[in-house]
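Working notes for the structure below.
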Amino acid sequence: MKVLVCISNVPDTTTKVKFVDESKLDTNGIQWVINPWDELALTRALEMKEDASNGIEAVTVAHVGLAAAEPTIRKALAIGADNAIRVNVDPKDAYEVASQLAQVVKAENFEIVLCGIESADHNGSTVGGMLAEFLECPSVTCVSSLKMEGGKSVITREIDGGKEIVSVPTPFVAVVQKGIAKEPRIAAMRGIMAARTKPIKVAEPQAVASLTEVKKYEMPKPRAACKFVDAENAGELIALLQNEAKVL
Amino acid sequence: MDNRKILNSGEFLIDTLEAKDVFIPEEFNEEQLMIAKSAQDFLEAEVYPNLDNLDKGDRELMSATLKKSGDLGLMGVALPEEYGGFGQNFITQMLLAEKVGAGYSFSVAFMAHCGIGTLPIAYYGNDFQRQKYVTKLATGEFIGAYCLTEPGAGSDANSGKTNAKLSEDGKHYIINGQKMWITNAGFADVETVFAKIDNDRILSAFIVEKAMPGVTVAPDEHKMGIKGSSTAQIFYNDVKVPVENLIGERGEGFRIALSILHMGRIKLGANVIGAMKKAINDSVKYANERKQFGVLISTFGAIKYKIAQQAIKTFTAESAVYRLSQDIDDLLNKNLAKGMDKGRATIEALAHYAVEAAILKVYGSEALDYVVDEAVQIHGGMGYSAEVAVERGYRDSRINRIFEGTNEINRLIVADTTIKRAQKNEFDLFGHADKVYAEMNSVSCGKKDGETYFESKRRYLSNFKKATLLIIKAVSKHFNFKLVPEQEVMNNISEMIMEIYEAESLALRVEKLDNMGKKDEIYRDILNVYLYDLADVIKKSAKDAINSLENAEESLNLTTAIDKLTTVDAVNVKFARRRIADRMIEANGYIL
């Protein structure tokens, strides 16, 4: 059985995001990392591979993006992925990412495809669902536990107020969230050395029309200073809530 | 780095490099950065959440944490692959040391294990000893310790009384004695113990296993800082050590001990960089949260001054650390090409750069003390509370000026070794010094019209070097090279030598960054402020030395020359420091 983990290359979550001309991310000084939710998916894939009873022969990571993302891909290889595929295109939206990934999955017959529930950059949360649609296979979202038992998937979904346990036939796409694995793994020296020789296959993109045009990015308004009102001045508080905050 | 000019130890005082000749941290490769990130992730996952428990002296927890870092392979970074290591170059080892250096007492335990705990066997052991011990030290299966200091033998290490006698059957050495201040004593499985065989004048080195009968470890010392690091006395009472556990030759122990300390010293220079960056991050974050008089304290000039100084010292120390690391890698590779074994090649390279290693140790440990002191000050009353990280950082910093050779010993190494090597004509220091001395009365600051930015900085450094040579010449002449009792004056000379090495490393880094197209104004701000301040440091050290000579006529000429050689252009240090600090404040941490 072959597992594919789809990874995004995102700015480190502590980055102070800035935009150039309200249209482009200012990449100056940004540290790029594996999207944290994708990294958890990778961790789970590796755990499953380590249990020989799951019969997983390889864990592959796939990324849709340009060569600048290769350090992030190699990090995934250092953590333990066996090989990687990079679709050489700068995608414009989630639809394009999902379309390119679908080609990868079809070409290599992956049976389990894992995506993180969201990405730390655009936070679209749509790639997994679209990918399953292109592949015409089941997609399970909000996955907090994934096991294979006797060749069948046992998947726990977090639902409102409880859990839902389902099983779907392979191939399937699981969109995973927190809980799927304990902690992301730290790349060990042996893994870092091994990553040098693990293959990163560069696939040429399919022609895909992007459906989204970004008009502009806006930063959230800076938080206004906190105003303190003395307990005796209820009138002043009401006036502020009515006239300034306009919530009454 | 091919085709670069390499200076021998001490030659920076009489020669210069171009920016392309130095390695700078901005040139780390992807793999090095990945290793660094793993070390950082390890601290965040395994060390920071447990610091309070570690500092309660939980030996088992520290031992387990060390072993986890061994599982990741971090303990094997410096060791050869045939003994279970990863054979990384010296720059990578130093980068790892920097990252681990942010790990408080874990850093001390880890570095002691990987350095003094492992390297005597890795570098001087025979193949049998390496296979038996180093392969397990590389993975953390064994934890190592280094047992040199005794109650009566600290800086004067060869005066130890621990004794080894060959047993009648010739199969064992029987060791008796007492060691103290032994890092990792509480859980080390393997110790390198220095002892004198029979009535030898010089130490020998032995591998002693904790499990051998007669080895007793005392409870841990109660220390000011690095409380999580186990530090204890170890007693040896008729301990039977197999003769095959003698490391190297009989009487080679003192040389082993000192050369291993060179390594510890230079790695400490990298450790403190990590600790400084951590303290700056904590300082800036706090300054960006704490409000007084209705505004964030990070908006105050007095706080910006502190943050800027923290950053300047860190950036400078870092520049020198990686410059030297590349020199050591190059010399090590040359030694390997001559057919030396890896351990010997490393030791020879480190011994060659003993002066620079001592500089990194002294400068770095004192820079860290400054940085953590101001980190506490920026936190105000909160900085005195054990609830904040900077309180621990402040206490943990202090040991760095004491261990791996006190800063007093290391300062003497800087001046003394430089002068002794020059006397042996290892480099032509006195040829240059004689020339400067002869031209003392006609010296000028040498400012030329139309100088470029970096030309003027190179001129300053060249003048500071001349000032140093002048003082070395005057002092050597005055005392007729009987300098041992003149520690105060030797310290003046050390100060000048150390500062020049650091400042030149900084200048070369800034110029190289500029050449690489990274023309950030704060790099120049850092260099401007540093050289402006340094002129006064050089002047003060030189004048202190001159006035110690009590030679009125020469003093006047020397002082006049020093004044000219330490003349630098004015810098608006207020605005320069504000710009530096503002960048840290905007990024909410150290960003260089």
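Letters go in sequence order (proteins before strands), and every chain restarts at 1.
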Worksheet entry | chain A contact via Ala39(B) - which portion, at a heavy-atom distance below 4.5 Å | neither
Practice prompt. Output the option from Ala195(A), Ala188(A), Gly191(A) having the highest count of non-hydrogen pairs under 4.5 Å with chain B.
Written response: Ala188(A)
Give me a line-by-line list of donor-acceptor atom pairs from chain A to chain B that are under 3.5 Å apart, or tell me none exist.
residue   : atom : partner   : partner atom : Å
Lys16(A)  : NZ   : Glu586(B) : O            : 2.9
Arg74(A)  : NE   : Glu30(B)  : OE1          : 3.3
Arg74(A)  : NE   : Glu30(B)  : OE2          : 2.5
Arg74(A)  : NH2  : Glu30(B)  : OE1          : 2.7
Arg74(A)  : NH2  : Glu30(B)  : OE2          : 3.4
Ala187(A) : O    : Ser38(B)  : OG           : 2.6
Met189(A) : N    : Leu72(B)  : O            : 2.7
Arg196(A) : NE   : Glu31(B)  : OE1          : 2.8
Arg196(A) : NE   : Glu31(B)  : OE2          : 3.2
Arg196(A) : NH2  : Glu31(B)  : OE2          : 2.7

Worksheet, complete the sentence: Contact list (residues 78-88 of chain A to chain B, heavy-atom gap under 4.5 Å, by number) returns Ala78(A)
Practice prompt. Nearest 0.5 Å please: distance from the CG atom of Leu72(B) over to the CE atom of Met189(A).
Written response: 10.0 Å
